[in-house]
Structures are given as structure tokens and as C-alpha cells.
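Right, one structure below, let's go through it.
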Amino acid sequence: MVPKRSIRRIAIAVLALFIIAGVSLVDSDAQRRRRKRRSRPSAPRITNPAIYQPSPSDNANSNSEATNGNENTNANTQTQDQQTIRSLSSQVDKLTEKISQMDEAQRSLVDLERLSRAEQRARSLRTELRDVQAKESDLQARAEDLEYALKPENIERSIAGYGTTHPEELREQRRKQLESEKERVRKQLAQLGASRTQLEQAIASADVEVERLHKRLDAADAAAIQNNKTNAQATEDTMRPAPRPSPSPSPYPMP
């Protein structure tokens with residue numbers, strides 16, 4: 001007979017083999033499940049949000065509001081452009097007016113200087129003319145004296161105080177002396193006459209220049225007065241309040 005201890009040992013060994021086999025089966029099953037889970041990953045779900053579809057009335061209102069907004073924007077832009085153009089045009093007009101006024105003032109100063117010179121020249125020419133006329137008058141008187149002295153009785157009377165045996169030679173010498181002086185006076189009178197004619201012509205030209213400059217300055221003064229009146233009127237018109245524009249009708253019907 002087999003002893004009891006051997007039977008127990010055999011039973012324990014068989015039980016251990018069953019336990020080991022069960023554990024190995026459980027491990028192999030778990031490994032297969034893990035492989036299946038790894039080989040078949042689950043695909044994520046993607047959900048699209050619902051898209052809002054506006055109603056036709058909302059589209060119409062938005063379109064009308066956009067159109068009105070564009071029209072208002074265009075109107076405001078055009079108004080600003082017109083105001084800018086008017087402002088630039090006004091500035092250009094003012095600059096042009098200032099330049100013209102400066103030109104007029106410069107021309108007036110030049111005309112005043114020319115007028116002063118012309119008047120001074122006319123005065124100087126008149127002074128020279130008076131001097132020439134005075135010299136011419138003196139020479140005319142001397143020429144008349146010489147003409148009187150050249151008479152034979154006056155020549156004879158002039159040499160009567162000289163004692164000589166040849167009185168005819170003294171008379172001839174005296175006559176030649178008076179003729180020479182008379183010729184010299186005649187030439188001086190001719191020169192003075194030419195100078196007097198030139199001075200009279202120069203004085204006439206200076207008087208014409210003075211008159212022309214006086215008329216130009218008078219016209220410039222009249223134009224300046226008229227410009228001042230026009231500027232004052234324009235300033236007064238600008239300071240007046242502009243009329244208010246009437247309100248435009250609303251594009252939306254009243255309820």
C-alpha cells in the first residue's frame with residue numbers, strides 16, 4: 001500500500017498544476033483582449049453645429065440698412081468734398097487778391113517815385129529855361145547896342161577924341177571890332193535859342209509824364225477804394241448766418 005504522505009504530496013502537486021494552468025489561461029486571455037483593444041481604436045465622433053439661416057425679412061432689412069448707410073456715407077463724403085473745394089477756392093481767391101494788392105501797391109510806389117522824379121526834372125528844366133531866357137535877353141540887348149554902335153555917325157563919334165592923322169584907319173578898326181563882337185553875340189544867341197527850344201520840349205514831355213502818372217495814381221486809388229468796398233461787402237455776406245437746410249424725408253414709412 002501507498003503511504004498517506006505520498007498521496008498528499010501527489011494531490012498537492014496536482015492542485016498546484018491546476019492553479020498554475022488557470023493563472024496562465026487567465027493571463028493569456030487578458031493579453032488577447034488588450035491586443036484587440038489596441039488593434040481596433042474607436043473613431044471620434046464629429047458633430048457639426050447648426051448653421052443659422054436668416055429669414056428673408058431680416059435679409060431685406062439688413063440690405064436696406066446697408067444701402068441707406070452707403071447712401072448717407074456717400075452724401076457725407078460729397079458734402080465734405082464740396083466744402084473742401086469751396087475752402088480751397090476761397091483761399092486761392094484770397095491769395096490771388098493779396099498778390100494783386102501787393103502788385104498794385106508796388107506799382108503805386110514805383111509810380112510815386114517816377115512822379116517825384118518827373119516833377120523834380122520839370123522844375124529843374126524850368127529853372128534852366130529861365131536862366132537861358134535871362135542870358136538870351138541880355139545878349140539881345142547887347143546885340144541891339146552893337147547894332148546901334150555900328151552906325152557910321154556913332155563910329156565917328158567914338159573916335160573923335162583920338163588925335164590921329166589917319167582917322168579912316170581908326171574907323172575901320174572900330175567897325176571890325178564891333179562886327180566881331182556882334183558875330184560872337186549872334187552865335188551865342190543861336191546856341192541859347194537851340195537850348196531854349198530843347199528845354200521847352202523837355203519840359204513839355206515832363207509835364208505829359210507828370211499828368212500821366214497823376215491819372216494812373218488816381219485810378220489806382222479809385223480801384224483800391226472800390227476793392228475795399230467789395231471786400232467789406234463780401235465779409236458782411238460771409239458773416240450772415242446760412243439758411244438751414246430742410247430735413248430730408250425718412251426712407252422708412254411711418255407706423
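The analysis underlying the following values was restricted to heavy atoms, covering all of them including side chains, and did not include hydrogens, waters or symmetry mates.
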Rounded to the nearest 0.5 angstrom, the CD-OG distance for Glu119 and Ser116 is 6.5 Å

Look only at the side chain of Ser158 and the backbone of Ile155, and say whether a donor-acceptor pair between them is shorter than 3.5 Å. yes

Would you find more than 12 non-hydrogen atoms of other residues, nucleotides or ligands less than 6.0 Å from Gln173 atom CD? no

If you measure from the Lys or Arg side-chain nitrogens to the Asp or Glu carboxylate oxygens, is any gap between Glu209 and Arg212 under 4.0 Å? yes

So does Gly193 get a backbone contact from the side chain of Thr197, meaning a donor-acceptor N/O pair under 3.5 Å? yes

May I ask you to decide if Gln191's main-chain N or O and Ser195's side chain share a donor-acceptor pair within less than 3.5 Å? yes

Would you check, one step at a time, whether the test side-chain contact (heavy atoms from CB on, under 4.5 Å) holds for Arg121 with Leu125? CA-CA 6 Å; Arg121 184 169 180 269; Leu125 290 173; 3.9 Å; yes

May I ask you to say whether Glu200 pairs ionically with Arg196, meaning some side-chain N is under 4.0 Å from a carboxylate O? yes

Side chains of Lys135 and Gln188 in contact at under 4.5 Å (non-hydrogen atoms): no

At what distance, to the nearest 0.5 angstrom, does NZ of Lys182 lie from CG of Leu178? 10.0 Å

Using every non-hydrogen atom in the two residues, find where Glu136 and Leu189 come nearest and quote the distance to one decimal. O-CD2, 3.5 Å

Once rounded to the nearest 0.5 Å, what's the spacing between atom CD of Glu181 and atom CG of Asp145? 9.5 Å

Between Asn154 and Arg157, does a side-chain contact (heavy atoms from CB on, under 4.5 Å) hold up when you go through it step by step? CA-CA 5 Å; Asn154 292 330; Arg157 190 180 297 112; 2.6 Å; yes

CG (Leu115) and CD (Glu211) are apart, to the nearest 0.5 Å, by 10.0 Å

Taking Val210 as the starting point, is it possible to reach Val208 by hopping between hydrophobic residues whose side chains are less than 4.5 Å apart? no

Hydrogens and angles aside, do Arg130 and Thr127 bring a side-chain donor and acceptor to less than 3.5 Å of each other? yes

List the atom of Ala206, the atom of Ala118, and the distance in Å for their closest heavy-atom pair. CB-O, 4.2 Å

State the CD-CD distance between Glu172 and Glu179, to the nearest 0.5 angstrom. 9.5 Å

Supply the atom-to-atom distance Lys215 NZ to Asp111 CG, rounded to the nearest 0.5 angstrom. 14.5 Å

Is it possible for you to say whether Leu139 and Leu150 belong to one hydrophobic cluster, with membership spreading through side-chain heavy-atom contacts below 4.5 Å? yes

I'd like to know whether Arg123 forms a side-chain contact (heavy atoms from CB on, under 4.5 Å) with Gln120, so could you lay out the CA-CA distance, the side-chain angles of the two residues, the decisive distance to 0.1 Å, and finally the verdict. CA-CA 5 Å; Arg123 288 193 297 268; Gln120 184 178 0; 3.8 Å; yes

With respect to Ile203, which candidate in Arg126, Gln198, Glu128 satisfies the side chain to side chain contact (heavy atoms under 4.5 Å, CB included) definition? Arg126

